[in-house]
Amino acid sequence: RMDLIQTERSMIEHADEVIILADSRKFERNGNLFLCHLDRVNTIITDAGIKKEHIQPIKDKGKTLLLFKLSK
C-alpha cells in the first residue's frame, strides 16, 4: 500500500494539474494515509451527496468543484 502512495505522490509532484474523483462518502472519513495537501489539487469531482459543510472549505481555497447527480 505504501508503494502505491509513493507512486501516486510522485505522479502528483510531476503533474501540471491534479484532479480528484471521489465519492461524496469519502469526505466523511478520516484515513490514516496522507496523499497530498488540498493546495496541490486543482479540481475535485464528486457526487451531489456531498454535505454543505464540506463544500465551503473547497470553495474557500479557490478550487474547482464539479458535482454530478447519480442516476439509477
Side-chain angles (χ1 to χ4, degrees):
R1 185 143 173 136
M2 283 306 293
D3 288 342
L4 177 60
I5 294 296
Q6 289 173 340
T7 300
E8 290 174 346
R9 284 180 183 160
S10 179
M11 290 170 37
I12 289 169
E13 183 179 316
H14 291 90
D16 293 328
E17 185 173 4
V18 176
I19 300 170
I20 293 176
L21 174 62
D23 184 288
S24 64
R25 295 174 290 183
K26 294 283 185 181
F27 294 90
E28 297 296 319
R29 296 186 242 169
N30 289 323
N32 57 356
L33 296 174
F34 176 77
L35 188 57
C36 74
H37 288 282
L38 183 58
D39 292 340
R40 186 64 183 93
V41 175
N42 303 91
T43 303
I44 297 173
I45 303 170
T46 191
D47 61 89
I50 187 172
K51 293 184 179 178
K52 290 183 181 182
E53 62 260 26
H54 298 294
I55 293 174
Q56 199 56 50
I58 294 168
K59 289 184 174 183
D60 288 347
K61 289 275 190 181
K63 306 302 172 183
T64 301
L65 177 64
L66 302 174
L67 302 177
F68 61 92
K69 186 174 183 174
L70 297 174
S71 61
K72 294 182 179 184

Using atom types as modelled, flag every donor-acceptor pair under 3.5 Å from a side chain in residues 2-11 to any protein atom, sequence neighbours excluded.
residue	atom	partner	partner atom	Å
T7	OG1	D3	O	2.9
R9	NE	F34	O	3.2
R9	NH2	F34	O	2.2

Notebook entry, point to check: Does R25 have any side chain to side chain donor-acceptor pair (under 3.5 Å) partners at least two apart in sequence or in another chain, and if so, which?
Noted result: D23
Check: By side-chain contact (heavy atoms from CB on, under 4.5 Å), which residues pair with Q56, not counting sequence neighbours?
Finding: K59, D60
Next item on the list: Could you list the residues that satisfy side chain to side chain donor-acceptor pair (under 3.5 Å) with D47, not counting sequence neighbours?
Entry: S24
Checklist line | Atom pair NZ (K26) and CG (L21), whose distance is rounded to the nearest 0.5 Å | finding: 10.5 Å
Notebook entry, point to check: Can you find a pair of side-chain heavy atoms, one from I45 and one from I20, that are under 4.5 Å apart?
Noted result: no
In a table with atom names and distances, give each donor-acceptor pair under 3.5 Å that connects a side chain of residues 62-69 to protein atoms at least two apart or in another chain.
residue	atom	partner	partner atom	Å
K63	NZ	L38	O	3.4
K63	NZ	D39	O	3.2
K63	NZ	V41	O	2.9

Notebook entry, point to check: Any side-chain heavy atom of I55 sitting closer than 4.5 Å to one from F27?
Noted result: no
Item checked: side chain to side chain donor-acceptor pair (under 3.5 Å) involving T43 - partner list, sequence neighbours excluded -> none
Next item on the list: Under the side chain to side chain donor-acceptor pair (under 3.5 Å) rule, collect the residues that match up with E17, sequence neighbours excluded.
Entry: none
Checklist line | Heavy-atom side-chain proximity of K51 to E28 below 4.5 angstrom | finding: yes
Next item on the list: Check for a donor-acceptor pair, side chain of R40 on one end and backbone N or O of I12 on the other, with a separation under 3.5 Å.
Entry: yes
